[in-house]
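Note on naming: letters A, B, ... go to the chains in the order of the sequence lines (proteins, then strands), and numbering restarts at 1 for each one. Bear in mind the structure is a predicted one, so any value in this text is a computation, not a measurement.
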2 protein chains.
Amino acid sequence: MYSLNTEEKILNASILLFSQKGYTAVTTKEIAKEAGVCEMTLFRHFENKHNLFEKAFEKFMFFPKFRALFEGLEWDLEKDLIKICSSYQHMLYKNRKIILMYLKNEDQNPDFDVTMFRFPSEFKKLLNYYFEEMKNKGAILENPETLATSFLTTSFGLFITSLVMNKLTFETDIQACILSYVRIFAKGITYVGS
Amino acid sequence: MYSLNTEEKILNASILLFSQKGYTAVTTKEIAKEAGVCEMTLFRHFENKHNLFEKAFEKFMFFPKFRALFEGLEWDLEKDLIKICSSYQHMLYKNRKIILMYLKNEDQNPDFDVTMFRFPSEFKKLLNYYFEEMKNKGAILENPETLATSFLTTSFGLFITSLVMNKLTFETDIQACILSYVRIFAKGITYVGS
DNA sequence: TTTTCATGTTAGTTCCTACTAACATTAGTA
DNA sequence: TACTAATGTTAGTAGGAACTAACATGAAAA
């Protein structure tokens, strides 16, 4: 039997390099070197480069437990949004290498897309539901779906900025930004009566 | 003399393909075909692939006129932020191919970074100044720099979402989101007195 | 018409990359 | 000890990519 350890080393090296440079720019020799094995071993385990890419993708894709999150909510806009945003940021961070791999991916594969959009789309559904409930309760006035999309896409902006641009010019602490941002958003959508 | 037309065709094809697939994944043959010229012509004009990449980058980099924008402001949070956000979105959109090229770029070149960060960094400085003034006027309470970063990074989220993810799951109209979002943000930071 | 110059065409070189085959080595297990 | 299974090593193939050289074409300017 093949040792799991070797496969793991190779998969770790793969995802690291693919996320840094993109699929085409990384060579199998490079991956082998990074993994500390010889190139042949890589092919013995994964047959070819593309299969390795897919296996790395599968292995490192992180799916959060949405239900648990949305069951612990308190129907207090600011508190809930902070929880949701943190958990969204956490999921994005856990998937950061996958996301970079995806962004650098050259051929736009529909299957790939579907996989990548599974969690933001799931998040959006639940957030949509949350905002609908809050609207029913009279806490907000805006359109729930627009809010859900706004909140998720802007949160993504905070994440991707800290991921790819944090070395330069934006020395501001992104964590502080997130908290401040969520507070502003919560205040901005709160219905204060006429 | 070389005809400008040919160089333009090649540069157009380059930026298109580089932004779609990234530097390494695109071949010079492919670019030539897309441009409707033969491969030799490409080398005659640009010497080598990397030089072509740089020339395409230079040519399609769009620098907005910040001053003009910030001089037309009315010191009304919502109106001004809508103007600023629209102009930021516009600049991002004009640079969309450059931005995709940058995201897909394999080697993290510091010079490249500096060029890419010139405009968000310039935008941030001016926005920072704007929020400081608004704070002095008593219109807002929050920290200007945090606000500037929040606003720009979240705006970037709206942009990048519509750029790379708009085919799927996020059918919501991004333009509507932007407007709604800016209104929320403006309301969220407005100081309403004690 | 002749000249000039950008472009097309063809053939080829060099280098790199994915991937293979065959054999050697090493370590755990019977 | 002997066997087995994973890995290392070496050499090599096939194809593709960047890039070059030499010559052909075709259109505009002289």
Fill in: Reading 5' to 3' through nucleotides 12-26 of chain D, protein heavy-atom contacts under 4.0 Å coded B for base, S for sugar-phosphate only, - for none
-----SSBBB-----

Fill in: All side chain to side chain donor-acceptor pair (under 3.5 Å) counterparts of B/E39, not counting sequence neighbours
B/T28

Practice prompt. Could you please spell out the steps behind the side chain to side chain donor-acceptor pair (under 3.5 Å) verdict for B/T154 and B/Y181?
Written response: CA-CA 10 Å; B/T154 52; B/Y181 166 70; 2.4 Å; yes

Hey, are the side chains of [X] and [Y] touching, using non-hydrogen atoms and a 4.5 Å cut-off?
| X | Y | answer |
| --- | --- | --- |
| A/F43 | A/L52 | no |
| A/E145 | A/E132 | no |
| A/C85 | A/I178 | yes |
| B/D107 | B/F112 | no |

Discussion item. Against the six-membered ring of A/F151, is A/K124 placed for a cation-pi contact (under 6.0 Å from the centre, within 45° of the normal)?
Written reply: no

Worksheet item: Taking 4.0 angstrom as the limit, do B/E34 and B/K9 come out as a salt bridge?
Response: no

Practice prompt. Give a yes or no on whether a salt bridge exists between A/K135 and A/E142, defined as a side-chain N under 4.0 angstrom from a carboxylate O.
Written response: no

Roughly, in whole Å, what's the span from [atom1] in [X] to [atom2] in [N]?
| X | N | atom1 | atom2 | value |
| --- | --- | --- | --- | --- |
| B/I10 | C/dA6 | CD1 | C1' | 11 Å |
| B/E8 | C/dA6 | CD | P | 17 Å |
| A/F53 | C/dA18 | CZ | P | 14 Å |
| A/L42 | D/dG8 | CG | C1' | 14 Å |
| B/F46 | C/dT7 | CZ | P | 10 Å |
| A/K33 | C/dT17 | NZ | P | 13 Å |
| B/E7 | C/dA6 | CD | P | 11 Å |

Discussion item. Taking only side-chain N and O atoms of B/T6, does any of them lie within less than 4.0 angstrom of OP1 or OP2 on C/dT7?
Written reply: yes

Discussion item. If you compare every side-chain N and O of B/H45 against the phosphate oxygens of C/dA6 (OP1, OP2), does one of them come in below 4.0 Å?
Written reply: no

Worksheet item: End-to-end bend of the helix from C/dT1-D/dA30 to C/dA30-D/dT1 (five-pair axes, 10° rounding)?
Response: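 Between the first-five-pair axis and the last-five-pair axis there is 0°.
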
